[in-house]
Amino acid sequence: MKLTLEASLQRIGQMLRERVAPELQSDFIAQSARLAGGLLNICANWVDDAAELRVLENAAIRALLGEAATVVSGEWSMRLAEAARSADPGLKISVLDAENHRLRALLVELHAQVETLADSNAKATDQRIWQLLEDIELKRAPRE
């Protein structure tokens, strides 16, 4: 097995839960070791998923912004269309996060605008935004 950060964290977590915790005399310390092992697994999964989650999120936000460019007009429509055509500038987590924040800021502006419109396209966009936000949060939930 290749030594990677996520594999190392998982192995250390497993060792804490399965080998160290059972040998400890104090129930409190043993439970703390098991908890630390579980947290290391969550961190390992975060490392493994981090880039993929952000790339997929950014693509989903871009797709929605592209669809919404037809709902609004003028300069705002052009800004959304431009954002929809953009690409992630790199794969470092910090770079992906910066791009995610930029796209989310546009999404928030869009959401505020479509909530003021009464037509069915605006209402459908509003619902798609809420669904996208829910999907993003569910995918980002920690897993062990």
For this session: Could you please spell out the steps behind the side-chain contact (heavy atoms from CB on, under 4.5 Å) verdict for R62 and D88?
Result: CA-CA 10 Å; R62 282 188 190 97; D88 291 326; 3.0 Å; yes
Problem set entry | I129 vs L110 side-chain heavy atoms within contact, under 4.5 Å | yes
Exercise. So do W46 and I93 actually touch side chain to side chain, heavy atoms under 4.5 Å?
Worked result: yes
For this session: Could you tell me whether E57 and R104 have a side-chain N and a carboxylate O separated by less than 4.0 Å?
Result: yes
For this session: Could you tell me the separation between the OG1 atom of T125 and the CD atom of E115, rounded to the nearest 0.5 Å?
Result: 11.5 Å
Exercise. Looking only at atom types and distance, does a side-chain atom of R54 sit under 3.5 Å from a main-chain N or O of D97, one as donor and one as acceptor?
Worked result: no
Problem set entry | Under the side-chain hydrogen bond (donor to acceptor under 3.5 Å, both in side chains) test, residues paired with R102 that sit two or more places apart | S86, E99
For this session: Search all heavy atoms of G13 against all heavy atoms of L40 and return the closest pair with its distance.
Result: N-CD1, 3.8 Å
Exercise. Roughly how far apart are E82 CD and E75 CD, rounded to 0.5 Å?
Worked result: 10.0 Å
Problem set entry | Contact check, side chains of I61 and N100, non-hydrogen atoms, under 4.5 Å | yes
For this session: Please step through salt bridge (charged side-chain N to carboxylate O under 4.0 Å, His left out) for the pair D135 and R140, ending with a clear verdict.
Result: CA-CA 9 Å; D135 292 346; R140 280 199 178 210; over 6 Å; no
Problem set entry | Atom CG of D119: over 12 foreign heavy atoms under 6.0 Å | yes
Problem set entry | Note, L132 side chain near L107 side chain (heavy atom, < 4.5 Å) | yes
Exercise. Would you say E109 and R79 make side-chain contact, with heavy atoms under 4.5 Å?
Worked result: yes
For this session: Answer yes if the side chains of Q31 and R34 hold a donor-acceptor pair under 3.5 Å, and no otherwise.
Result: yes
For this session: Please report the closest heavy-atom contact between S77 and A69, naming both atoms and the distance.
Result: OG-O, 2.5 Å
Exercise. CZ of R19: more than 12 outside heavy atoms within 6.0 angstrom?
Worked result: no
Seminar exercise, completed: On a heavy-atom basis, the closest approach of L106 and A83 is CD1-CB, 3.4 Å
Seminar exercise, completed: P89 and V95 have their tightest heavy-atom pair at CG-CG1, 3.5 Å
For this session: Using a cut-off of 6.0 Å, state whether more than 12 heavy atoms not belonging to E52 lie near its atom CD.
Result: no
For this session: For residues V55 and L91, determine if any side-chain heavy atom of one lies less than 4.5 Å from a side-chain heavy atom of the other.
Result: yes
For this session: Would you mind reporting whether E134 and E137 have side-chain heavy atoms less than 4.5 Å apart?
Result: no
For this session: Search all heavy atoms of Q10 against all heavy atoms of A44 and return the closest pair with its distance.
Result: CG-CB, 3.4 Å
Exercise. Are side-chain heavy atoms of L16 and L35 found at a separation under 4.5 Å?
Worked result: no
